[in-house]
Student: 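Before I ask anything, here is the structure I am working with.
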Amino acid sequence: MSLLKISSSNRLPVFLLLLMFFSIIAAKITGDSVRDAVFLVEFDKSYLPLMYVVIAVSMAFAVFIYKKIAFNRDLILVTTCSGIVFVTSLFLIQPLLVGLVIPLLYVWIDIISAITIMQFWIISGEIVDNRDAKTIFPLLGVGGSLAGIAAGFSIEPFVRVFGSEKLLFLSGIFLGISIISVQFLRPFLTQETNNNKQIKSSDSSEYSSSFGPYIKHIAVMIGLSAFVSSVVDYQFKMTAAATFPDKGDLVSYFGSFYMISGAATLLMQVFLTGFILRRFGILIGLLLLPIAIGFGSSGFLFSGTLFAVFLAKFSDQLFKFSTSNAVQEILWLPVASGKKQQVKPIIDGTIRSGLGGLAGLLIFVFVSLDLIPVDKLYLLSIPVLVGVVIWFWNSVQLRDGYIDALMSAIEDRRLSFDDIEHDISDPHVISTISDAMESKDEHTQLFALSLLQNLP
């Protein structure tokens, strides 16, 4: 058990972080369920693809404004004040959920989720040191999966008793719990952390020179993942709305989906992700997500059923938050720290949201021009499958680039396992260190030997 490996001095902050993350993810799931159902039942569904575009633009603007406000200010105070604003806004929006307020809520829920999750990981990174991160961070991720199970399970009985719109109150309550949790975390943050350690922007003029071939392959993988995920998400929501025209039924269905996917993700995180990466290496870890989505999308293309697109969406949720996240963490391992700080935010932020927005724009054009009729949304699986094929090819190239980057990092004596959040036992790491120990450069040999003590 991970809990047993945590020192007694860390148990209270870890419990508080676990409670905070649980509450944030539970608020996200209940908020997502009600905003999706209300939009699909009570608003014009033809605008759903444009919401992906609006979210991409709004998210970039919201994060920019947040950084300006939060810079050099007390971290706990900023988190508390923004949380109060979020909770108050949900309580105010709930009785006004008609007309243009519906798409406003659709975008606002994503902004709330992005900022609160970002705040959580900033606080976690300041409390947990590198030595304990490998044990504690995976445990916090498990807390998110447990939130998916608990929130998904609670949605149906809550809707049956109070109605679907009242779920926003439940989201607000969960956010309130996270606000209370963060108050007790203040003693574990230093004064320097509270006042000075905020997200700082990088010099964008350095980005272009930092995108070598290996990093370009990482960017392609993340961009394709965002594009494919947006298309599958649209197909899933539209097909579910056609199957469950009643808002309460649709909210309950989304709740069941999050419960099932949360439980499956938890099992993957605890029992299978580490085994897969140890036994089969990074290539299989890279390919699981596109292959699974490809099977689900192929089934939807030929059958057009809710169950088939459910499998595609379920695969996206399951492997994205288990093996895919772990593999992405490993892929950044051989990249120099300074370069990673420059390019990772733009890949995870701008490229990811930009490709998701592009997918929404293309869907809107195809559907509005009747190139793909609403009753034939299964045809959108064709670009998904094209994306999966490119994704597959890019993953093979990425595996080769990863091995070369590992060897280069060892030769330059700059490889470090300190920033990775779980034990590294990827066979490519082992074989690359073994090759380095046969190098003619004795300094490279000594550095390779020093890496062995960090391996399980």
Student: Return the CG to NE2 distance between L286 and H217, rounded to the nearest 0.5 Å.
Tutor: 12.0 Å
Student: Would you indicate whether the side-chain heavy atoms of L19 and S23 approach each other to under 4.5 Å?
Tutor: yes
Student: For residues S225 and K320, is any side-chain donor paired with an opposing acceptor at under 3.5 Å?
Tutor: no
Student: Check whether any side-chain heavy atom of L90 lies under 4.5 Å from a side-chain heavy atom of L105, and answer yes or no.
Tutor: yes
Student: Taking C-beta and beyond as the side chain, do I29 and F254 meet within less than 4.5 Å on heavy atoms?
Tutor: no
Student: Got a second to check how far T30's OG1 is from I173's CD1, nearest 0.5 Å?
Tutor: 9.5 Å
Student: Do D233 and S230 have side-chain heavy atoms sitting under 4.5 Å apart?
Tutor: no
Student: Side-chain contact test, heavy atoms from C-beta onward, threshold under 4.5 Å: evaluate it for Y258 versus D32 and give yes or no.
Tutor: yes
Student: Minimum heavy-atom separation for L18 and G143, please, with both atom names.
Tutor: CD1-CA, 3.7 Å
Student: Between S178 and L175, is there a donor-acceptor pair closer than 3.5 Å when you use the side chain of the first and the backbone of the second?
Tutor: yes
Student: Output the distance between atom CG (N394) and atom NZ (K216), rounded to the nearest 0.5 Å.
Tutor: 12.5 Å
Student: Keeping R399 on the side-chain end and S395 on the backbone end, is there a donor-acceptor pair under 3.5 Å?
Tutor: no
Student: To check you understand the geometry: which heavy-atom pair defines the closest contact between L40 and A241, and what is its length?
Tutor: CB-CB, 3.8 Å
Student: What's the verdict on side chain to side chain contact (heavy atoms under 4.5 Å, CB included) for Y253 and T243, showing C-alpha distance, side-chain angles and the deciding distance?
Tutor: CA-CA 10 Å; Y253 177 75; T243 307; over 6 Å; no
Student: Whether the E156 and S256 side chains hold a donor-acceptor pair (N or O, under 3.5 Å, no angle test) is what I'd like checked.
Tutor: no
Student: Who pairs with D249 by salt bridge (Lys or Arg N to Asp or Glu O under 4.0 Å), at least two apart in sequence or on another chain?
Tutor: none
Student: Within the 4.5 Å heavy-atom criterion, are T116 and K28 side-chain neighbours or not?
Tutor: no
Student: Does the pair F314 and V309 meet the rule for a side chain to side chain contact (heavy atoms under 4.5 Å, CB included), with working shown?
Tutor: CA-CA 8 Å; F314 175 77; V309 75; over 6 Å; no
Student: Counting N and O atoms only, with roles assigned by atom type, does the side chain of T88 sit under 3.5 Å from a partner on the main chain of V85, one being a donor and the other an acceptor?
Tutor: no
Student: Of all residues at least two apart in sequence or in a different chain, which pass the ring pair (Phe, Tyr, Trp, His ring centres under 6.0 Å) check with Y378?
Tutor: none
Student: Parallel under 30°, tilted from 30 to 60°, perpendicular over 60°: which one fits the rings of F310 and F307?
Tutor: parallel
Student: Using a 3.5 Å distance criterion without hydrogens, assess whether the side chain of T239 forms a donor-acceptor pair with backbone atoms of F236.
Tutor: no
Student: Quick one: which of L362, V232, V384 gives a side chain to side chain contact (heavy atoms under 4.5 Å, CB included) with F227?
Tutor: L362
Student: Could you state the interatomic distance from CG (L380) to CG (L301), rounded to the nearest 0.5 Å?
Tutor: 10.0 Å
Student: Under 3.5 Å, is there a donor-acceptor pair linking the side chains of Y66 and Q119?
Tutor: yes
Student: Just wondering, are more than 12 heavy atoms of other shown residues or ligands nearer than 6.0 Å to CG in L371?
Tutor: yes
Student: Heavy atoms, side chains only, cut-off 4.5 Å: are L267 and L272 in contact?
Tutor: no
Student: Looking at L277 and G285, what are the two nearest heavy atoms and their distance?
Tutor: CD2-CA, 4.1 Å
Student: Taking the inter-plane angle between the rings of Y47 and F364 on a 0 to 90° scale, is it parallel (under 30°), tilted (30 to 60°) or perpendicular (over 60°)?
Tutor: parallel
Student: Between I149 and G262, what is the shortest heavy-atom contact and its length?
Tutor: CG1-C, 3.6 Å
Student: What do the steps show when you test S381 against Q235 for side-chain hydrogen bond (donor to acceptor under 3.5 Å, both in side chains), and what is the final call?
Tutor: CA-CA 9 Å; S381 293; Q235 292 176 308; 3.2 Å; yes
Student: Can you establish whether the number of heavy atoms outside F295 located under 6.0 Å from its atom CZ is more than 12?
Tutor: no
Student: Which heavy atom of I109 sits nearest a heavy atom of L168, and at what distance?
Tutor: CD1-CD2, 4.4 Å
Student: Answer yes or no: is there a donor N or O on one side and an acceptor on the other, between the side chain of Y52 and the main chain of Y234, under 3.5 Å?
Tutor: yes
Student: What pairs meet the side-chain hydrogen bond (donor to acceptor under 3.5 Å, both in side chains) rule with one or both residues in residues 142-153, with sequence neighbours excluded?
Tutor: S145-Q269
Student: Take F319 and I293 through the side chain to side chain contact (heavy atoms under 4.5 Å, CB included) test and state the conclusion after the steps.
Tutor: CA-CA 9 Å; F319 293 111; I293 292 178; over 6 Å; no
Student: Give the ring-plane orientation class for F22 versus F174, where under 30° counts as parallel, over 60° as perpendicular and anything between as tilted.
Tutor: perpendicular
Student: How about CZ on F302, more than 12 heavy atoms from neighbouring residues, nucleotides or ligands closer than 6.0 Å, or not?
Tutor: no
Student: Going through the checks in order, is the side chain to side chain contact (heavy atoms under 4.5 Å, CB included) test met by T79 and I122?
Tutor: CA-CA 10 Å; T79 302; I122 293 172; over 6 Å; no
Student: How far does CZ of F275 sit from OG1 of T323, to the nearest 0.5 angstrom?
Tutor: 13.5 Å
Student: Ignoring hydrogens, what is the shortest heavy-atom contact between A56 and G357? Give both atom names and the distance.
Tutor: CB-CA, 4.2 Å
Student: How many angstroms lie between atom CZ of F300 and atom OG of S303, to the nearest 0.5 angstrom?
Tutor: 7.5 Å
Student: Within the structure provided, determine whether V63 and K67 are in side-chain contact (heavy-atom separation under 4.5 Å).
Tutor: yes
